[in-house]
Every structure is written in structure tokens, then in C-alpha cells.
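What follows is one structure encoded as C-alpha cells, with my remarks underneath.
Throughout, a chain's letter reflects where its sequence line sits, starting with A, and its residues are numbered from 1. For the numbers below, each heavy atom of this structure counts, side chains included, while hydrogens, waters and symmetry mates do not.
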Amino acid sequence: MKNPSVRFAPSPTGYLHIGGARTALFNWLFARQNNGKFLLRIEDTDLERSKEEYVDQITDALKWLGLNWDENIILQSNNNDRHQEMVDKMLENGTAYRCFLQKDELDKLRKESDKKKVIFRVPQTYRNLSSKEEKKLIDEGKSFTVRIKVPDGETEFNDMVYGSIKVQNKDLDDFIIARSDGSPTYNFVVAVDDADMNITHVIRGDDHLANTPKQILVYKALGLNIPIFAHLPMILGSDKKRLSKRHAATNVQEYKEKGFTPRVILNYLSLLGWNPDSEKEIFDQNELINSFEFKQVQKKSAVFDEKKLLWISQQHLSEMSVRDLMNEIYALNPEWGDGLEWDYLKEVIKLIKDRSKTITEITSMSEIFFKDKLEYDIDLLNKTFNDKSIAIIKDFQSTLTSIEDWSREEIEKIFEDIMEQHEVAIGQVMKPVRVAISGIPFGPGIFDLILLLGKEICQIRLRHALSVI
RNA sequence: GGCCCGUUCGUCUAGUGGUUAGGACUCAUGGUUUUCAUCCAUGCAACAGGGGUUCGAUCCCCCUACGGGCUGCCA
């Protein structure tokens, strides 16, 4: 494969969803792997539903994911003249014709066929009209669509994922390429645009598999080069239905807000419908580029599983440097740790990164390092404290005051002393101390926690805790 | 209805004409750990059904079922 050109062609009728992102990813991987071009075309010809804000949302999401495209974005709506020209060309070269069947006539025929349980076929009434007859109808003001003259025979192509696909042309009908208002239809436009962009490989969702033969007929009618096709299986929700707005989270943006990094999303998405042919599951972008192969792309649709996503995320986070984590945190929340020392923040991250599955978990757990006094959960206090543990906290607090050398050793020693004094296991000391000092019953090692927070804050929190128990 | 596509543990997936059908996530149990998380160990759990072909089919062929897509003057 030498320098292929591929494209991602979303329509701006909504945000970029997970399925679209996966399609974009596979296009991107293929282009990058083969020194090709990854182009972006916005299919904005549905004036009713297309919105400019969605274009921004989609491009922002792609940029965030790092799926950078080459060259300028192509707006399909800018190609109107070209489309018109190509419709005319087909009319001229006899591969298309004006069809004067009206919509209501067709609807009626369709209904009748349905009722009779016969296969509906578009009547080819106007397929071979003489130009004289045609002119007459136009002069009468009869509206018409333009239909392709589907030739006899069959259309076959070799899909990179699905293999050989063959259909009988008679099953295709003379489909419309231009509506009665003159606007061209999808199956026509997509072929023309892909050809104009010199797309060599069309990689898209398998919902287009059945449209492909139609598009091939357009290529042929116009004498254009037919690209290679690769159809990707769908991504489903946990109910096994095609991913849609009804599902929990489908918007790429939502995953950003949930604290997943682009690398994590890309890694997980790559594993939906593709397998690396090895036990390896954690990949960065470059590794994906090197490993990706259509041979390993699945034909069956895959269910999106957030549990596995979380696991992938956790794996990535545990491998990330503090500095990289810092960048991700700030990307999500620029105000994180405002006013605090860099060195302190670095230590905070070190203490909690291994216990977090997402960036959001890091930022929320880090809260316990960012204020003097904590707000305690009543239930937790009730569960944690009784007369004995209160006594322990009191002793712990006063012993802490006397400590001179703020070191891990000294802190550990306090715990030991208290243990002896009260004749309890170390857990009996740690649990109440942890809750008093961090407000939560889990988290970083208690010695690390105390050490990093510093004597003063610990004192404040212990006293505060004692006052509210 | 017609055409096209698909079907291996709950999920993502390996796999071969003869395997104890493998791994990962989840879940359960145990261990490590001052908590939590990690980590380690163990366990639960699958070839949609029926016919062929074959000495032998999860694998090859056919049918059925189920699911999805297309069948629009949507994209």
C-alpha cells in the first residue's frame, strides 16, 4: 500500500460519537501506517439537520483525540456545482435519465406491492424516452428526478474486512441521483467526492456495506477509479442495540469529562473490532499505528464495555509520569491546585495516581490535600468513632503536638506508642486517624498522608474532627 | 417481503478437521498490603439449533433461528 488517501466523512448533525471516533481512528491508523493522507470531509448537505456548531464539536473532538487530519477540511456543500456537472454528465453519456414519476405515484405503487406481497420495483417507464418526448414533459412543467440506468448483470467488490460481496444489479433499482429540486443524493455525491479527493481506500461503518454496489455503479457510469472498500462493524450499547443517543454516554466529549485521556480512548476503541494478534492490550498511538491490520478486523459488531475501558485507563495512568498526569489534569481542570507549590502537587499526584482509574478520580481524591478543614460524612463518623477511638484520637493529637522531627520514623513511632498505650492493633489506631485526617476511609498510606500534609494541617484537622464528633 | 452481513464464556476476543476450546475484562474466593487500590493465585463461565461431508467437526457445505444493515426525492 503506497501513500493511500483515506477520509473521515461525518455529517454535522450531532456531536462526534464513539462509533464515529472509532471509524476516524481506523482511517487515521491506516493513513499514518502507510504514509498516506487522512482527510476530513464534512457532509453538510442535509440543510435541515446540519449545524455549524456541530462541525466545531466534531473537529474539536478529533483534535483532542489527536486524530489530526491532513490538508483543509472539505465541505461537501462547496461541491454543489461539481455534483451538478456530474449529474449532467451522466445524463449526457446515457447512464442516467430523467424520471417523471411523481412521489405520490411511487408511494401508491409501493403500497400496492406491499399489499400484494410482491417485490416493489421502480417502473422504468421513462428510461428510454426520446428527447422529443422528454422535452414535451418538461415544457408541460412536469417535475422530474434523475435516475441512474442500472445495467444488467451483477456488481462485485472485495471488501478488506468482509471479503467478496456480490449483488445482482436487478436488486438495486434505478435509484435516484438527483432529486426533483435538482439536489444530488448521498450515494451519488459520496462517489463523486471520494473520486475528486482521490480517495484510494474508503473505510467506514458497515451500515454502508449495502450502499457500496450503488456507489460502484456511479463510479463506473462516470468512468472514475473505484477505491478499495473496508467496512467496519458497528459498536453496540450494552443492550446490544446500535449505539445511539439513548445510551448512557456516546459523546466523545463526555469521556473527556469523565477523565479518560485520548490515549485511553484510542486504545480501547482500537480493541473494539480489532485484535492485535498478541496478548498485548495496552497500546500508545505509535504502537497502534505499527500494529494495526485490516486482517485482524472483526466482522461482527462489538459491545462497548465501560468496565474494560476503566481497566485500560487504570493501566495507562499507572504507567504515566507525574508530569504527563499533571498536563492531563490541567487540560481537564486548569484551576486544579491553584496557589499551591508545584513540589507539593507533585507529591499529591504520586500518592494517589496508583489508586485512580481516571483523571477525574485523581482530581477528586486530591481534594483532601487542598484544604485545612474537612467536611465529614456523618455516617462515616458514626461508624468510625466510639469512646475508645475518640480517646485514641485525643492521645494521638496531643502526642503529635510534641513531635519535633517531622519524619516518617517519628510518625510511625507515635502510632506504636498509641497502640501500646491503648493495647490495640495498629488498625484500630489507623482507621480513626485516617478518617479524622483525610475524611475518607481509604486512600494513600496514612504515614505518607500525614507526612505530606504537615504538622499544622494535621493538627487543625484532628482538632476539628474532635470538635464535630 | 427482497438483498447483503453477522453468530466462540456476561463482555472484548484467540483458535484448529482430532485441543482439557486459550487469553483479557467483569464477578467470586484466597494470599500480599496499616486502609483502599495495586499485585499474585484459584475458581465460575462459551463454540445458536438441525442436517450433511468426514474415521472424526467449533472449524467445510446446506437449512433454520436470532441479530444488524440496505431496500427514501435521509446521510
Side-chain angles (χ1 to χ4, degrees), chain A residues 9-13 43-46 48-50 76 99 101-103 106-107 110 113-114 116-122 143-147 159 161-163 165-168 170-173 175-187 189-190 205-214 231 233-234 236 238 240-242 268 271-281 296 298-312 314 318 352-357 361 365 412 415 419 425-431 433-435 438 440-447 449:
Chain A
S11 52
T13 53
E43 308 213 322
D44 58 346
T45 42
D46 183 351
E48 298 272 307
R49 295 191 300 151
S50 293
Q76 190 163 61
C99 172
L101 283 166
Q102 302 302 302
K103 196 173 190 319
L106 282 166
D107 288 346
R110 235 180 232 117
S113 305
D114 231 40
K116 283 189 265 177
K117 303 215 161 154
V118 206
I119 302 163
F120 173 77
R121 290 267 182 262
V122 174
S143 73
F144 62 86
T145 58
V146 179
R147 288 183 185 273
D159 190 274
V161 173
Y162 285 91
I165 307 280
K166 198 197 304 189
V167 294
Q168 300 303 313
K170 65 176 168 51
D171 290 326
L172 259 26
D173 263 340
F175 59 92
I176 290 174
I177 62 168
R179 306 181 182 91
S180 48
D181 66 1
S183 64
T185 58
Y186 172 75
N187 281 312
V189 164
V190 75
D206 79 3
D207 44 341
H208 292 289
L209 196 58
N211 284 325
T212 306
K214 293 183 181 179
H231 288 91
M234 299 274 97
L236 312 178
S238 49
K240 303 233 181 185
K241 296 254 194 272
R242 195 175 161 175
Y268 180 64
L271 260 21
L272 276 187
W274 170 74
N275 88 79
D277 205 20
S278 76
E279 302 286 78
K280 189 173 161 68
E281 295 199 278
Q296 308 289 342
Q298 216 67 222
K299 292 186 186 72
K300 81 165 180 185
S301 40
V303 173
F304 189 90
D305 180 18
E306 192 156 329
K307 291 247 175 67
K308 181 97 182 205
L309 207 214
L310 277 166
W311 180 79
I312 300 255
Q314 179 234 104
S318 71
I352 56 184
K353 64 171 278 222
D354 292 336
R355 340 184 110 71
S356 305
K357 287 183 161 63
E361 280 183 19
M365 196 183 284
E412 281 184 40
F415 277 90
M419 265 169 76
I426 191 153
Q428 302 276 311
V429 183
M430 287 183 167
K431 205 175 162 199
V433 170
R434 169 181 295 284
V435 169
S438 74
I440 48 177
F442 51 86
I446 188 71
F447 304 136
L449 191 63

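In this structure, A:Arg110 reaches the sugar-phosphate backbone alone: every heavy-atom distance under 4.0 Å involves primed, P, OP1 or OP2 atoms, never a base. A:Ile446 comes within 4.0 angstrom of a nucleotide base, judged by non-hydrogen atoms across all strands. At a threshold of 4.0 angstrom between heavy atoms, the contacts of A:Lys117 with the nucleic acid are absent. Residue contacts shown for A:Ile440 are absent, as no nucleic acid heavy atom lies under 4.0 Å away. Residue-level contact check: A:Leu101 touches the bases, meaning some heavy atom is under 4.0 Å from a base atom. Residue-level contact check: A:Gly445 touches the bases, meaning some heavy atom is under 4.0 Å from a base atom. Using a 4.0 Å heavy-atom cutoff across all strands shown, A:Asp46 reaches sugar-phosphate atoms only and no base atom. Across all strands shown, A:Ile165 has heavy atoms under 4.0 Å from sugar-phosphate atoms exclusively, and none from any base. Heavy atoms of A:Tyr186 sit under 4.0 angstrom from at least one base atom. If you check every strand for non-hydrogen atoms under 4.0 Å, A:Pro444 touches a base. The residue A:Gln298 sits close only to the backbone: its heavy atoms come under 4.0 Å of sugar-phosphate atoms, none of a base.
Side chain of A:Asp46 to main chain of A:Glu48: a donor-acceptor pair is present (N/O by atom type, distance under 3.5 Å, no hydrogens or angles). A donor-acceptor distance shorter than 3.5 angstrom exists from the side chain of A:Asp159 to the backbone of A:His231, with no hydrogens or angles considered. Using a distance-only test at 3.5 Å, with no hydrogens or angles considered, a donor-acceptor pair links the side chain of A:Tyr162 to the main chain of A:Lys299. Here the side chain of A:Arg434 pairs a donor or acceptor atom with the backbone of A:Pro444 at under 3.5 angstrom. A side-chain donor-acceptor contact under 3.5 Å links A:Tyr268 to the backbone of A:Asp305. Side chain of A:Thr185 to backbone of A:Ile176: a donor-acceptor contact under 3.5 angstrom is found.
In a base pair of the Watson-Crick type (N1 to N3 plus N6-O4 or O6-N4) or a G-U wobble (N1-O2 and O6-N3), with each distance short of 3.5 Å, B:U20 is matched with no nucleotide. Using Watson-Crick or G-U wobble geometry with both donor-acceptor distances under 3.5 Å, B:U58 finds no partner in any strand shown.
Distance, A:Asp159 CG to B:G6 P: 10 Å, rounded to whole Å. Whole-Å rounding puts the A:Arg121 CZ to B:G1 P distance at 16 Å. Here the P atom of nucleotide B:A75 and the CD1 atom of A:Ile177 are 14 Å apart, to the nearest Å. Taking atom CG of residue A:Leu310 and atom P of nucleotide B:U11, one finds them 19 Å apart after rounding to whole Å. We find that CG of A:Leu106 is positioned 9 Å from C1' of B:C73, with the value rounded to whole Å. In this structure, CZ of A:Phe120 is placed 10 Å from C1' of B:U71, rounded to the nearest angstrom. Rounded to whole angstrom, the span from the CD1 atom of A:Ile352 across to the C1' atom of B:U35 amounts to 16 Å. Rounded to an integer number of Å, the gap from A:Asp277 CG to B:G15 P is 6 Å.
When the shell of 6.0 Å around NZ of A:Lys117 is examined, it contains 12 or fewer heavy atoms from other residues, nucleotides or ligands. Within 6.0 Å of the NZ atom in A:Lys431, the count of heavy atoms belonging to other residues, nucleotides or ligands does not exceed 12.
At a cut-off of 3.5 Å, with distance as the only test, a side-chain donor of A:Ser183 or A:Asp181 sits close to an acceptor on the other residue.
Distances shorter than 4.0 Å separate some side-chain N or O of A:Arg179 from OP1 or OP2 on B:C74.
Under 3.5 Å, the side chain of A:Ser180 and the base of B:C73 form at least one donor-acceptor pair of N or O atoms.
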Completion exercise
Counting primed atoms, P, OP1 and OP2 as sugar-phosphate and everything else as base, the B/S/- map of nucleotides 22-33 of chain B against protein heavy atoms under 4.0 Å is -SBSS-------
Write out a two-atom table: protein N or O, nucleotide N or O from nucleotides 62-69 of chain B, distance below 3.5 Å.
| residue | atom | partner | partner atom | Å |
| --- | --- | --- | --- | --- |
| B:G69 | O2' | A:Asp207 | O | 3.1 |

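Annotation: of the two residues near RNA chain B, A:Ser11 and A:Arg434, the 5′-most nearest-nucleotide partner is A:Arg434. When each of A:Ser183 and A:Met430 is assigned the nucleotide of RNA chain B bearing its nearest heavy atom, the one mapping closer to the 5' terminus is A:Met430.
Ion pair A:Asp44/A:Arg49 not flagged as a salt bridge, since none of the NZ, NE, NH1 or NH2 atoms sits closer than 4.0 Å to an Asp/Glu carboxylate oxygen.
Closest to the A:Arg355 side chain, of the nucleotides B:C4, B:U35, B:A75, is B:U35.
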